[in-house]
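Here is the structure we will look at, set down as structure tokens.
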Number of protein chains: 2
Amino acid sequence: MSLEENYPTIMLDETDFRILKMLQNRANLTTKDLAAKVNLSTTPVFERVKKLEKAGYIKNYVAVLDAGKLNKGLMVFCNVTLKEHTREIGNQFVKDILSLKEVVECFNISGDYDFFLKILVRDMKEYQNFVLDKLGGIKNIGSAHSTFVMGEIKNSYAVPI
Amino acid sequence: MSLEENYPTIMLDETDFRILKMLQNRANLTTKDLAAKVNLSTTPVFERVKKLEKAGYIKNYVAVLDAGKLNKGLMVFCNVTLKEHTREIGNQFVKDILSLKEVVECFNISGDYDFFLKILVRDMKEYQNFVLDKLGGIKNIGSAHSTFVMGEIKNSYAVPI
DNA sequence: ACTGAAAGACGTCGAAT
DNA sequence: ATTCGACGTCTTTCAGT
């Protein structure tokens, strides 16, 4: 009964999956390109894409930028615990975290920590400032453990289908 | 002197940054839309976008799919250590990991573990099979520690600019 | 559900300021 | 570096199968 699930549920066939796979690798393929690859004319492909958008399978189209070129070449994972686990304190933490633009991902996790943050900054100095000025200003953080990314093997936003 | 840095280095102005910000939120904005938002006509905006693509600031355009709808609603972080840290064993591990479609991200990290993996699967059963059949088949893994995502607070592919 | 064609919008480029 | 204008291509729709 969640608010996000109010899309129509539809059946996808093999062609739909092929279209989704191609679009999550290159969203600027034209309908014509897609049509050629699935051996159809443009009309059914156009209608399938619209169907997939309206049904919520395709949530958005985004440009992938180069973090390093934009001076955000240091990726840090920060695992955080809260001092208390009431809903109110959790909600406040979430609200505070969402205001920090350096935090590009935040998940509530199982295990020793409560939250996992992925942070993008320019360098160590900027990360130090982030921890001291921004993370340090958030209430009810019990502990924070930083892990630094040394090398990127694979970084995809694609869903494995 | 890295291989990836062979793009021309150019200076970006405020308008370029505004265009990048908009495109990483909605890549299907038309040149016309962008032009209206930055108070220019289409031609300079078109040329700026092409410039940003050629200079490597924009690496790609992708469709963002709904993982839950596509039956990949369980996200798991898996921290892995290798038994030995030679370049050869590391390279083989990387090669093996890249062949697993469930692994959507893989980073070489500092700290207690060597690699961080983000994995998307349908449910716990599928994750169990992934660990037993796929991860378990990879040589030279010393230990693997799984953390399960219980809730998504923020999940963006955007670079904070 | 697909094909083919037709209309309109947009991307794309040249000339000009 | 931007505007204007023209052309080609793509998106989008519709009649027909």
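In what follows, chains are A, B, ... by sequence order, proteins preceding strands, each numbered from 1. The structure presented is a predicted model; accordingly, all values stated were derived computationally and were not measured. FYI, side chains are in, hydrogens and waters are out, and symmetry mates aren't considered; it's all heavy atoms of this structure.
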Between CG of B:Asp33 and P of C:dG11 the distance, given in whole Å, is 8 Å
Distance test, side-chain N/O of A:Arg48 to OP1/OP2 of C:dC2, below 4.0 Å: yes
For the pair made of CG in B:Asn28 and P in C:dG11, what is the distance, rounded to whole Å? 11 Å
Length of the line joining B:Glu53:CD and C:dG11:P, which is rounded to integer Å: 12 Å
Answer with base, sugar-phosphate or nothing: what part of the nucleic acid does A:Thr43 contact at a heavy-atom distance below 4.0 Å? base
According to a strict under-4.0 Å criterion, is A:Thr31 in side-chain N/O contact with OP1 or OP2 of D:dT11? yes
Could you tell me the separation between the CG atom of A:Leu34 and the P atom of D:dT12, rounded to a whole number of Å? 13 Å
Nearest-angstrom distance from the residue atom CD1 of B:Ile19 to C1' of D:dA1: 13 Å
State whether a side-chain donor-acceptor pair under 3.5 Å links A:Ser146 with A:Tyr127. yes
Pairing donors with acceptors under 3.5 angstrom, does anything connect the side chains of B:Tyr61 and B:Gln24? no
Using heavy atoms to find the nearest nucleotide of DNA chain D for B:Glu47 and B:Thr42 separately, return the residue whose nucleotide is more 5′. B:Glu47
Does B:Lys50 have a side-chain nitrogen or oxygen under 4.0 Å from the phosphate oxygens OP1 or OP2 of C:dT12? yes
Could you give the CZ-to-C1' distance, from A:Phe46 to C:dC10, as a whole number of Å? 14 Å
What is the distance, to the nearest angstrom, from the NZ atom on B:Lys32 to the P atom on D:dC10? 19 Å
Roughly how far, to the nearest 0.5 Å, is NZ of A:Lys154 from CG of B:Leu100? 8.5 Å
If only side-chain N and O atoms count, and only distance matters, is there a donor-acceptor pair under 3.5 Å linking B:Ser143 with B:Thr81? yes
Rounded interatomic separation in angstrom, taking NZ from A:Lys51 and P from C:dA1: 7 Å
